[in-house]
Each structure stands twice: as structure tokens, then as C-alpha cells.
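Presented below is the structure to which this report refers.
Excluded from the calculations below are hydrogen atoms, water molecules and symmetry mates; all remaining heavy atoms, backbone and side chain alike, are included. Count residues from 1 along the sequence.
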Amino acid sequence: MKVTLISLNEALQDNFHLIEGLLQQQKYDEAIQCMDNRLALIDQLAQLAKECQLQRQVVAEFAAKLSIQEEKLQALTISYHNIVFKKLVQVGKGNKAGQAYNLNSKEF
């Protein structure tokens, strides 16, 4: 079982860094796919804890460390969400200004 826990740890660490990089590159669709993969890995970790009583303490400690990563990902995701939202607001304002210009230009 220890190999499984080690491999899950490595996969989750790789996934964390991949999501960070994708968000920084503004590749949001790929980041969402990686988040889905992360959920699957966490499900595997929960299953491991259920199946192996001896590993529960180790898995619980690992889950505590993952919780910190999840908080970092959540903060990063929120910051990029705000950036996207601000850009959409700017586009909306630009669109409204364009509509007003078109409407006003037709009057003359």
C-alpha cells in the first residue's frame, strides 16, 4: 500500500503544479480538466484510507497537507476569476459605448 500512497502523493503534487501553471498561462479549460483529475486522485486517496486501516493516520496527515494546497489553489482561482470578470465588464462597457455611439451616429 505504501507505493500507492507514494504514487498518489507524486501525482497530486504534479497536478498541483500543473494547475498553477495553467492558470498563470490563462489556459482555463485545461486547468478545469486538471481539477477534475485532482478530484479523482483525492477519491483514490479516500478509498485507500477506507481499505487500509494501517494507513489511515498517514493518509490523514497527507490530507492535512493537501488541504493547504487546496486553499492556495482556491485563492489562485479566485484571483483569476476576478481578472476574467473585470475583462468581461470592460468588454460589456465597451459594447455599451459602441451601441451608444452607433445609436447617436444614426441620429445625425
Side-chain angles (χ1 to χ4, degrees):
M1 282 294 168
K2 200 165 192 134
V3 173
T4 305
L5 187 58
I6 291 170
S7 64
L8 279 173
N9 181 21
E10 290 173 357
L12 283 160
Q13 296 303 318
D14 291 345
N15 179 271
F16 174 76
H17 295 296
L18 183 57
I19 292 172
E20 274 186 321
L22 290 169
L23 288 173
Q24 290 171 354
Q25 296 169 22
Q26 298 181 356
K27 294 182 178 180
Y28 303 120
D29 290 336
E30 291 93 339
I32 289 172
Q33 290 174 347
C34 286
M35 289 177 192
D36 289 342
N37 292 342
R38 186 169 188 83
L39 288 173
L41 291 169
I42 291 170
D43 284 343
Q44 289 178 13
L45 183 65
Q47 188 63 34
L48 177 65
K50 287 179 187 176
E51 291 173 359
C52 184
Q53 300 290 330
L54 299 174
Q55 293 288 331
R56 279 194 179 177
Q57 181 62 33
V58 177
V59 171
E61 291 169 6
F62 182 51
K65 292 177 186 176
L66 284 177
S67 174
I68 294 168
Q69 278 187 349
E70 296 307 315
E71 288 176 9
K72 289 179 184 177
L73 282 177
Q74 183 180 22
L76 188 59
T77 304
I78 288 169
S79 70
Y80 282 102
H81 173 268
N82 290 336
I83 290 168
V84 169
F85 182 75
K86 287 177 184 176
K87 287 181 180 182
L88 289 173
V89 168
Q90 289 173 348
V91 168
K93 287 179 182 176
N95 190 24
K96 287 180 185 176
Q99 288 174 353
Y101 174 78
N102 288 335
L103 182 65
N104 290 335
S105 66
K106 289 178 184 176
E107 289 179 5
F108 296 106

Atom [atom1] of [X] and atom [atom2] of [Y]: how far apart are they, to the nearest 0.5 Å?
X     : Y     : atom1 : atom2 : value
Tyr28 : Gln33 : OH    : CD    : 15.5 Å
Ile6  : Phe62 : CD1   : CZ    : 10.5 Å
Leu5  : Glu10 : CG    : CD    : 10.5 Å
Gln24 : Ile19 : CD    : CD1   : 12.0 Å
Gln25 : Glu20 : CD    : CD    : 11.5 Å
Leu8  : Leu41 : CG    : CG    : 6.5 Å

How about [X] and [Y]: do any of their side-chain heavy atoms sit closer than 4.5 Å?
X     : Y     : value
Leu45 : Leu66 : yes
Leu22 : Asp29 : no
Glu70 : Ile42 : yes
Val84 : His81 : no
Asn9  : Lys65 : no

Assigning hydrophobic clusters by single linkage (Ile, Leu, Val, Met, Phe, Trp, Tyr; side-chain heavy-atom cutoff under 4.5 Å), is Leu76 placed with Leu18?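 In one cluster with Leu76: Leu18, no.
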
Exercise for review: Check the pair Arg38 / Leu73 against side-chain contact (heavy atoms from CB on, under 4.5 Å), numbers first and verdict last.
Suggested key: CA-CA 11 Å; Arg38 186 169 188 83; Leu73 282 177; 3.7 Å; yes

Please report the closest heavy-atom contact between [X] and [Y], naming both atoms and the distance.
X     : Y     : value
Gln69 : Leu12 : OE1-O, 4.3 Å
Gln53 : Lys50 : NE2-O, 4.0 Å
Val59 : Ala49 : CG1-CB, 3.7 Å
Cys34 : Asn15 : O-ND2, 3.0 Å

Distance alone, cut at 3.5 Å: any donor-acceptor contact between the side chains of Glu61 and Gln57?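 Checked: Glu61/Gln57 side chains pair up, N/O donor to acceptor below 3.5 Å.
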
